[in-house]
Amino acid sequence: MPPRVRFAPSPTGYLHVGGARTALFNWLYARRHGGTFILRIEDTDAERSSDDMVSGILSSMKWLGLTWDEGPGVEGPHLPYFQSQRLPKYRAAADRLVASGHAYYCYCSPDDLAARRQAAALEDPVRMYDRACHALPAEEVARREAAGHPRATRFLVPQGTTSFTDLVRGHIEFAHEHIEDFVILRSDGHPTYHLSVVVDDGEMEVTEVVRGDDHISNTPKQVLLYEALGTPVPAFAHVPLILGPDKKRLSKRHGATAVGDYERQDYLPEAMINFLALLGWSPGGNQEVFSRDELIARFALDGISGGNAVFNVEKLDWFNQQHIMRLSAADILRRLRPAIVGAGLWRDTYLTSESAWIARVVDLLKPRARKLHDIVPALTAFVSDEVVYDEAAVAKHMRPDGVRDHLAAWLEAVRALPALEPVATEAALRALAVDRGIKAGILIHATRVAVTGQAVSPGIFEVLELVGQARVVSRLTACLPA
RNA sequence: GUCCCCAUCGUCCAGAGGCCUAGGACGUGGCCCUUUCAAGGCUAAAACCCGGGUUCGAAUCCCGGUGGGGACGCCA
């Protein structure tokens, strides 16, 4: 039976990189095994959820390429995929639990509870619910109900222990005395997380629950609910958390934590995916750079490591560069087109008569780009008549005595060349340097500044060829005294 | 405090009793290539938390300690 897994974010914030990695693991698992990846929005906390957050999360998921098979927009057999629209299901489940004696009504107000907890805090910092309302006499219950007293529904935790086999950690066991009678239905009729997640995972026939480590201690409560509801218990896989450099749970104070932040910082989604996949998971072997398909082909839950992982931006940067280098020139052009247009450097001929030429230019620029958009300004010297001269570069390479005389001689040599084929051009330049008794570097640096305006560029002979003889001649000429 | 999880270079991982003189990657230093900047190649420094067991043999298994993290809500 193909697996059914889900990612169930709460729209109380942006898609966090930790959440993104959890989503990624689920997605990889589904894709690896030909299963179904469900996206469900856990918006039962009406206070803190918002539509903007929902659309932000969906947008980040799409950016990462984590496509879902069931969920918002694509729908599916278990509609709706927003928990706030599934309220009757949770109430029905709560009613069933009360009817079967697995749950009971609690009339204690949150304020009461807080006060009681506070009072008890002196000797015991954490105090579990005292089960006061479970022992209420029938007449008292009737009286409160008649008076319309608000009530929550609590699960009656039985005696004993609950255990489950975690797919990444193995056997985990909890004694019930450490689990309080948790609320499953709030007094406003909304379910709490424990109820809604169990009802939905059950109904949606989720087979493996892959989620963050922080849910381990919630798991026994949920197992208890599955059992009380008579629903098959799914398998669980708890993945470690992502930490900041100080080893604390990654948060805003560590810098960018939202996937959207990385999108805005011009990281490639494939780099982000690669980086996140290898944070806490290993495919084995020494390969580091993986395409999406390669990750899918190798993904396995048992390769997930147990320890928390520190988010290391420098390695993300490296992955980004590696993936830029693996992109085809045509792909880069397609992604960068809006920016190139914006810079006034676009020509439709890049797609037709000039496609081979522009591809060579892009390929030359690729390994030098940290971020994709670094390529746009670097295009200028190749595609524009305008040359922006960097003053420091001019001062360093054009001003020294004699440089312009050498350059004048070089200009003549360039004019005499039938074409600017790199090997021949280099031979000509070196021959001239020998002739004039100077180091080739003098000519090379001056030529670079004259042609590109900058002190750094790709290999100058490739640059000359791609800029083209006519422009090289005119730029060299422009740099000589009139 | 209680419960749970985790523990190999600064960081991310490999290692599932002898193959470990502990391997790879990022980052850092050096060298090579070279006209600059990248990319690439080579190389160096850098780790098995501590203590007990088990075993002929332990990074690997067990126990304890320590350390880190997480959870203890009518948040998810």
Side-chain angles (χ1 to χ4, degrees), chain A residues 8-13 42-45 47-49 83 106 108-110 113-114 117 121 123-129 150-154 166 168-169 172-175 177-180 182-188 190-194 196-197 211-220 238 240-241 243 245 247-249 275 278-289 303 305-319 321-322 325 364-370 393 397 426 429 439-449 452 454-461:
Chain A
S10 176
T12 54
E42 308 219 325
D43 55 351
T44 54
D45 184 349
E47 297 289 304
R48 301 195 303 159
S49 299
Q83 291 191 326
C106 172
C108 305
S109 75
L113 259 15
R117 252 193 291 266
E123 71 261 26
D124 182 3
V126 177
R127 168 97 177 218
M128 298 201 301
Y129 178 61
R151 59 165 203 223
T153 305
R154 284 183 186 272
D166 190 284
V168 337
R169 293 157 206 286
I172 299 178
E173 196 173 275
F174 287 83
E177 56 256 40
H178 302 296
I179 306 174
E180 74 170 356
F182 51 99
V183 171
I184 55 177
L185 202 66
R186 297 180 248 215
S187 46
D188 66 0
H190 281 69
T192 62
Y193 168 66
H194 298 298
S196 59
V197 79
R211 69 205 331 184
D213 220 351
D214 48 341
H215 286 294
I216 289 182
S217 52
N218 289 329
T219 307
H238 288 101
L241 265 20
L243 272 25
K247 307 275 184 105
K248 300 287 185 200
R249 195 174 173 157
F275 171 66
L278 265 43
L279 238 200
W281 171 69
S282 169
N286 287 337
Q287 185 178 343
E288 300 273 339
V289 181
S305 64
N308 293 337
V310 173
F311 189 90
N312 178 197
V313 200
E314 292 181 328
K315 192 149 186 181
L316 206 211
D317 286 336
W318 178 78
F319 276 117
Q321 194 175 17
Q322 292 296 316
M325 287 193 286
L364 224 43
L365 264 17
K366 264 189 335 197
R368 296 169 170 83
R370 306 286 300 173
H397 299 297
E426 178 166 4
L429 180 142
K439 293 205 290 186
I442 303 283
L443 282 172
I444 286 167
H445 291 303
T447 302
R448 170 175 294 110
V449 176
T452 71
Q454 308 296 309
V456 302
S457 82
I460 191 63
F461 301 107

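Residue numbers start from 1 in every chain, and the chains themselves are labelled A, B, ... in the order their sequence lines are given, proteins ahead of strands.
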J.: Does any N or O donor sit under 3.5 Å from an N or O acceptor when you compare the side chain of Ser187(A) with the base of C74(B)?
T.: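 Looking at the base of C74(B), it does pair with a donor or acceptor on the side chain of Ser187(A) (distance under 3.5 Å).
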
J.: Heavy atoms from C-beta onward define the side chain here; which of A71(B), A39(B), U35(B) lies closest to that of Phe461(A)?
T.: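 Out of A71(B), A39(B), U35(B), the nucleotide with an atom closest to Phe461(A)'s side chain is U35(B).
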
J.: Rounded to the nearest angstrom, tell me the gap between atom CG in Asp45(A) and atom P in C74(B).
T.: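 Roughly 12 Å, once rounded to whole Å.
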
J.: If you round to the nearest 0.5 Å, how far is CG of Asp188(A) from CD of Glu47(A)?
T.: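 That separation rounds to 8.5 Å.
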
J.: Whom does A44(B) pair with, Watson-Crick or G-U wobble, provided both distances fall under 3.5 Å?
T.: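 Looking at the geometry, A44(B) pairs with U28(B).
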
J.: What contact category does Thr44(A) fall into here, base, sugar-phosphate, or nothing, at under 4.0 angstrom with non-hydrogen atoms?
T.: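 Here Thr44(A) touches the backbone only, sparing every base.
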
J.: Respond yes when some side-chain nitrogen or oxygen of Arg169(A) is under 4.0 Å from OP1 or OP2 of G69(B), and no when none is.
T.: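 Looking at the OP1 and OP2 atoms of G69(B), neither is under 4.0 Å from any side-chain N or O of Arg169(A).
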
J.: What integer distance in Å separates Met128(A):CE from C3(B):C1'?
T.: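 It works out to 10 Å between those atoms.
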
J.: Starting at atom CD1 of Ile216(A), determine the distance to atom C1' of A71(B), rounded to an integer number of angstrom.
T.: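 That distance rounds to 9 Å.
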
J.: Do Lys366(A) and A38(B) have a side chain to base donor-acceptor pair shorter than 3.5 Å?
T.: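 Not at all, since no donor on one side and acceptor on the other fall under 3.5 Å apart.
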
J.: Phosphate oxygens OP1/OP2 of A39(B): is one of them under 4.0 Å from a side-chain N or O of Gln321(A)?
T.: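 So the side-chain polar atoms of Gln321(A) do come within 4.0 Å of the phosphate oxygens OP1 or OP2 of A39(B), strictly under.
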
J.: With side chains defined as the heavy atoms from C-beta onward, is the minimum distance between Asp317(A) and Phe275(A) less than 4.5 Å?
T.: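 Not touching, per the 4.5 Å side-chain cut-off.
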
J.: Any Lys/Arg nitrogen of Arg249(A) or Asp213(A) sitting under 4.0 Å from an Asp/Glu carboxylate oxygen of the other?
T.: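 Result for this pair is no, no salt bridge flagged.
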
J.: Once you apply the 3.5 Å cut-off to both distances, tell me the Watson-Crick or G-U wobble partner of A7(B), or none.
T.: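 Across any shown strand, A7(B) pairs with U66(B).
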
J.: Trp318(A) CH2 to A25(B) P: how many Å, rounded?
T.: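 So the two atoms are 8 Å apart, to the nearest Å.
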
J.: Closer to the 5' end of RNA chain B via nearest nucleotide, is it Leu243(A) or Arg48(A)?
T.: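 Residue closer to the 5' terminus by nearest nucleotide: Leu243(A).
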
J.: Mapping Asp214(A) and His178(A) onto RNA chain B by nearest heavy atom, which one lands closer to the 5' end?
T.: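 It is His178(A), whose closest nucleotide lies nearer the 5' terminus.
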
